[in-house]
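Below: one structure, written as structure tokens.
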Amino acid sequence: ENYQGFTLLNLAQEITNLDAEVVGAEAELFLTPVEGLDLLVAIALLDSEVKGFTKPNGDVVNRELPQAPTFSLNFVARYEWPAFNGTLAAQVDGSYLDEQFLALDNSPVSLEPSYWDVNARVSYTGPGDKWTIAGWVKNFTDAEHRIYSLDVGGAGFVNSLYAPPLSAGVTVSY
């Protein structure tokens, strides 16, 4: 009850309390098949409906929740082993998100296609676990996808926010 739905009506922001129904299931599997290797996979299934959404023309319809894909998957594979009086580790992690609407009006311009987002990291932790140096790559497939969209059709444009592109770096912590 009282889901707060954000919409744009005649270029004015509007927040409306609506009824929403969300049904879903999640499953997570964590394995350590050999010493030092951790594997994690998680899936989520979701069915959502926001009831009584009023379109700009006055029609009342039901819509999907924004940013609520019907299927998503997350995974992590991490291997850690002793080396050079410390610990080396290598990790790959990521997620898959099925297509989803990014706005409550479920307009075609707010439909974001499904995508993968994959990251990698290699690190060395020194003796006594006091310091770590890590090299990492985020979004190493350079997948271009939006994380927010607002249809400002009345002004003739769509405002979209994209996830960061491929990036790489080194982190040192003490």
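Atom-to-atom distance recorded for L39:CG and L31:CG is 6.0 Å, nearest 0.5 angstrom. The CG atom of D38 lies 8.0 Å from the CD atom of E80; values are rounded to the nearest 0.5 Å. In this structure, CD on E99 lies 11.0 Å from CG on L102, to the nearest 0.5 angstrom. Between the CD atom of E144 and the CG atom of L166 there is a distance of 12.5 Å, given to the nearest 0.5 Å. Distance check: L40 CG to T32 OG1 gives 10.0 Å after rounding to the nearest 0.5 Å. Residue L97 holds its CG atom at 7.5 Å from NE2 of H145, rounded to the nearest 0.5 Å.
No path of Ile, Leu, Val, Met, Phe, Trp and Tyr side chains, each step under 4.5 Å between heavy atoms, connects V60 with F101, placing them in separate hydrophobic clusters. When hydrophobic clusters are built by joining Ile, Leu, Val, Met, Phe, Trp and Tyr residues whose side-chain heavy atoms come closer than 4.5 Å, directly or via intermediates, Y115 is not grouped with V137. Both Y174 and V170 are part of a single hydrophobic cluster, where members link through side-chain heavy atoms under 4.5 Å apart. Taken together through direct or relayed side-chain contacts under 4.5 Å among Ile, Leu, Val, Met, Phe, Trp and Tyr, I133 and L88 form part of one hydrophobic cluster. At a threshold of 4.5 Å between side-chain heavy atoms, the hydrophobic network of Ile, Leu, Val, Met, Phe, Trp and Tyr places V76 and L29 in two separate groups.
Crowding of D142 atom CG: a count of heavy atoms from other residues, nucleotides or ligands under 6.0 Å exceeding 12. Within 6.0 Å of CZ on F30 lie more than 12 heavy atoms contributed by other residues, nucleotides or ligands. In the displayed structure, E49 atom CD is contacted under 6.0 Å by more than 12 heavy atoms of other residues, nucleotides or ligands.
Between the side chains of D98 and S114, no donor N or O sits under 3.5 Å from an acceptor N or O. No side-chain donor-acceptor contact under 3.5 Å links E64 and N106.
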What's the verdict on side chain to side chain contact (heavy atoms under 4.5 Å, CB included) for N17 and Q4, showing C-alpha distance, side-chain angles and the deciding distance? CA-CA 5 Å; N17 289 340; Q4 292 186 333; 3.2 Å; yes

Please evaluate residues Y96 and F71 with respect to the criterion side chain to side chain contact (heavy atoms under 4.5 Å, CB included), reporting the C-alpha separation (whole Å), side-chain torsions for both, the decisive distance (0.1 Å), and the verdict. CA-CA 8 Å; Y96 170 82; F71 176 78; 3.8 Å; yes

Take F53 and T16, measure what side chain to side chain contact (heavy atoms under 4.5 Å, CB included) needs, and give me the verdict at the end. CA-CA 9 Å; F53 175 78; T16 309; over 6 Å; no

What do the steps show when you test Y3 against L104 for side chain to side chain contact (heavy atoms under 4.5 Å, CB included), and what is the final call? CA-CA 11 Å; Y3 164 75; L104 181 57; 4.2 Å; yes

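You'll find the side chain of P164 stays beyond 4.5 Å of the side chain of N139, heavy atoms only. The shortest distance between side-chain heavy atoms of T70 and L46 does not fall below 4.5 Å.
Evaluation of the ring pair (Phe, Tyr, Trp, His ring centres under 6.0 Å) rule for W136 yields no partner, not counting sequence neighbours. Taking the ring pair (Phe, Tyr, Trp, His ring centres under 6.0 Å) definition, one finds that Y79 meets it with W81, sequence neighbours left out. When the ring pair (Phe, Tyr, Trp, His ring centres under 6.0 Å) test is applied to Y124, the partners found at least two apart in sequence or on another chain are W131.
Between S149 and A103, the shortest heavy-atom contact is O-CB, 3.8 Å. The two atoms that bring Q100 and A68 nearest to each other are OE1-N, 3.6 Å, heavy atoms only. Of all heavy-atom pairs spanning G52 and L18, the tightest one is O-CD2, 3.5 Å.
For R146 (side chain) and L111 (main-chain N/O), a donor-acceptor pair under 3.5 Å exists by modelled atom type.
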